[in-house]
Every structure is written in C-alpha cells, then in structure tokens.
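Whatever order the structure lists them in is the order used to number ligands and atoms, beginning at 1. As the structure is a prediction and not an experimental result, all values here were calculated from the model.
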Amino acid sequence: MEFDLIARHFTRATPGAVLGVGDDCALLAPTPEMQLAVSTDMLLEGRHFSPQDSPAGLGHKSLAVNLSDLAAMGATPRWATLAIALPEANDAWLTAFARGFFRMADQHGIELVGGDTTRGALTLSITVIGEVPPGQALRRDGAQAGDDVWVSGVIGSAALALAYRQGRLFMEQIDAAKVLPALYLPTPQVALGIALRGIATSAIDISDGLLGDLWHILERSRVGASLEFAALPTLPLVKNYLHEAVARDCVLAGGDDYELCFTAPADRRDAVAAAAQSAGVAVTRVGRITDEPGLAVTDADGRPLPFDHIGYDHFAA
Ligand code: ADP
Ligand code: MG
C-alpha cells in the first residue's frame with residue numbers, strides 16, 4: 001500500500017537530481033562552488049493547521065513556509081524531502097495535497113527527491129535544500145548600526161485572517177477574501193531573497209511576528225533597532241477592523257505572513273529598490289539599526305509606543 005501510494009502521489013521526474021524518489025537515498029550533485037542551505041519545518045494538525053483546512057492549501061503552505069526559509073537566506077531552491085504521517089491512506093486527500101505541493105514546487109523550481117510515509121496523527125515535515133554562492137547567504141548576524149530596516153509586502157494580514165477564522169472577529173466576506181490568502185496560501189519571497197544577495201546585511205522571514213523575528217537579528221548581530229510604527233506596511237483593513245491597540249499588536253506581533261525583514265546600508269537604498277523591482281515585490285523602509293541594544297517602536301513624532309509582547313512563542317502556555 002505504502003509503495004503504491006508513494007509511486008502514485010509523490011514520484012515525479014527530477015531532472016535536477018542524479019536520483020530521485022525510489023532508492024534508499026536520493027543522489028544530488030550540487031552546482032560546483034555553491035554552498036548548500038538546508039532547513040526543516042514541521043506542521044502539526046491542531047497546532048499549525050486544523051482538520052478542516054483544504055489539503056491542496058496544506059500542500060501549498062507546508063512547502064511555502066519551508067521555501068520562505070530559503071528566501072530568508074538568499075538561497076536558490078533545489079531539492080525537498082517530505083516526511084508525512086497520515087491516519088489513513090486517503091487517496092482524495094493525497095491527490096489534492098500533492099496538487100498544492102507540486103504547484104508550489106514548480107513555481108520555485110524545487111524537486112521532491114525523497115521522504116518518508118507512515119501511519120499516524122497527521123504531521124508534515126519538509127526539508128528543503130537550496131544553493132547560495134559562498135559568502136553571500138543572508139544571515140541573521142550581519143546587521144550594522146546605521147543600517148535601514150526593511151519589510152517586504154504587507155504584514156498583519158495573516159493574523160487578521162486567523163482571528164476571523166477563529167470567530168473572534170466579524171468581517172464582511174469581501175474583506176475576509178482579501179486577507180484569507182495570506183493565511184492559507186502564503187507566498188515565499190524567494191526571488192527577493194536572491195536579488196538581495198550582496199545588498200542586505202541580514203535577513204529573516206516573518207513567521208512568528210515582526211518584533212520577535214527582528215529580535216533574532218538584533219540578538220545575533222548584537223545591535224538594537226528603532227521602528228516607526230506608521231511606516232509599517234499593512235492593509236487598511238487591519239486598522240478598519242481592529243481597535244488601535246489590537247491592530248498594533250496584529251502588525252507588530254502577528255505571525256504567518258512569510259514576508260522578509262532585512263537590513264541594508266543606508267547608501268544601498270537604490271540597490272534595494274532595484275532588487276525589489278526585479279523581484280516584483282514592494283519593500284518598505286521601516287526603521288534603523290542602532291548601536292544600543294533593545295527594540296523601540298515610535299510614533300511619527302519619535303515618541304515611544306507601548307507594545308505588549310514580542311512574538312508567538314510555541315512553548316508559551
Ligand atoms: P526506506 O524503507 O528505505 O526508508 P521507504 O519505503 O520509506 O524506504 O521509501 C521508499 C522511497 O520513497 C524512498 O526513496 C523515499 O525517499 C521515498 N518516499 C517515501 N515517502 C515519500 C514521500 N512522502 N514523498 C517523497 N518520497 C517519499
Ligand atoms: Mg522510510
């Protein structure tokens with residue numbers, strides 16, 4: 001049963017691999033001189049998605065969140081493995097899941113070369129492998145005092161959509177339709193990450209909320225940052241539907257947007273703009289890296305704004 005299932009749903013041509021699905025190991029030949037960027041992300045039913053979620057959407061999102069890590073590193077996607085635990089061999093579910101998964105894979109030129117399939121509570125664990133020229137990966141430890149802080153796309157949409165889906169908020173259907181894709185069909189900023197090689201001094205993808213994720217850059221780079229709240233890119237919907245303090249929390253600490261937060265020297269603003277344009281993505285300058293450690297959020301007049309918490313902590317009660 002299992003071999004049949006793997007053959008039917010997860011075995012496709014892999015011209016970019018020496019050997020793909022079907023042997024004890026895949027065989028991969030990296031491009032000479034390139035470094036490999038490797039990352040794993042796991043999605044558990046009940047924690048990262050709910051049983052009602054569409055399987056095609058899950059196929060999309062489970063790969064997208066992994067591709068987002070490659071994007072944040074400036075790596076070119078090459079190969080993926082997929083470990084999947086399923087309560088039963090549900091053919092319709094697997095067909096839809098594979099459709100969402102391979103559509104995302106094809107968009108970013110990544111090939112599924114192996115994995116593992118077993119019976120159990122629905123769990124998805126994907127490992128992605130990308131390539132990056134030596135010394136050009138966008139690490140978390142390169143931010144310098146004086147650098148600009150940038151954010152791609154808009155943030156807060158996924159958190160708004162989640163509140164709506166959990167019934168914590170009323171939204172007009174037409175508005176809900178504008179934010180639900182951010183939650184269920186996130187777009188990894190792969191082209192932007194690659195275009196920022198040699199320009200950005202550090203980068204991270206925003207999976208747990210802007211403040212929490214930027215905080216990782218600050219810690220690793222041993223610097224601080226000051227953000228201007230009014231500059232943060234968000235849909236007007238967030239402010240229309242939420243009270244001021246909740247809207248602020250949604251933009252600063254809402255997770256699951258999978259945009260990039262990155263730093264770049266102030267004299268590279270034109271290069272950042274050109275990189276964003278080549279990737280077809282909007283980027284917004286939202287603050288500055290400072291010498292003194294800590295993270296401040298200010299209003300347009302430079303007065304500090306209060307904020308509650310820094311990000312989503314998977315181990316919080
Ligand atoms: P093994 O017993 O050697 O682990 P498996 O029966 O688990 O072999 O897998 C057989 C082949 O199918 C291997 O090449 C493995 O990488 C691949 N495979 C298993 N599950 C998946 C999956 N969900 N997606 C892609 N490839 C898979
Ligand atoms: Mg196995």
side-chain hydrogen bond (donor to acceptor under 3.5 Å, both in side chains) partner of Ser202, chosen from Thr263, Asp141, Asp147: Thr263

Can you sort out the partners of Thr118 under side-chain hydrogen bond (donor to acceptor under 3.5 Å, both in side chains), two or more places apart, ordered by chain and number? none

Determine whether Asp257 and Leu210 make a side-chain contact, defined as any pair of heavy atoms from C-beta on separated by less than 4.5 Å. no

Numbering as shown, the atoms of ligand 1 that approach Leu112 to under 4.0 Å (heavy-atom distance): 24 (N), 25 (C)

If we only count N/O pairs under 3.5 Å, is Leu82 in contact with ligand 1? yes

Ligand 1 and Gly20, any nitrogen or oxygen pair closer than 3.5 angstrom? no

If you measure from each non-hydrogen atom of Asp116 to ligand 1, which part falls under 4.0 Å: side chain, backbone, both or neither? both

Going by the atom numbers of ligand 1, which of them fall below 4.0 Å from some non-hydrogen atom of Thr117? 19 (C), 20 (N), 21 (C), 22 (C), 23 (N)

Derivation and outcome, side chain to side chain donor-acceptor pair (under 3.5 Å), residues Glu131 and Thr76: CA-CA 5 Å; Glu131 292 184 329; Thr76 304; over 6 Å; no

Quick check for you: to the nearest 0.5 Å, what is the distance between Cys261 atom SG and Leu227 atom CG? 7.5 Å

Considering the heavy atoms of Asp23, write down every atom of ligand 1 situated less than 4.0 Å from one of them. 13 (C), 14 (O)

For atom 19 (C) of ligand 1, the option (of Gly115, Cys25, Ser125) bearing the nearest heavy atom: Gly115

Going by side-chain hydrogen bond (donor to acceptor under 3.5 Å, both in side chains), name the residues that satisfy it together with Thr40, two or more places apart in sequence or in a different chain. Thr127

Which segment of Thr11 sits under 4.0 Å of ligand 1 when only heavy atoms are counted: neither

Under 4.0 Å from a heavy atom of Ile84: give me the atoms of ligand 1 that qualify, with their elements. 23 (N)

Is there a polar contact, in the sense of an N or O pair closer than 3.5 Å, between Val113 and ligand 1? no

With atoms numbered from 1 as shown, which atoms in ligand 1 lie under 4.0 angstrom from a non-hydrogen atom of Asp24? 3 (O)

Specify whether Phe10 and Phe102 have parallel, tilted or perpendicular ring planes, treating 30° as the upper limit for parallel and 60° as the lower limit for perpendicular. tilted

How far apart are the closest heavy atoms of Ala64 and Pro186, and which atoms are they? CB-O, 3.6 Å

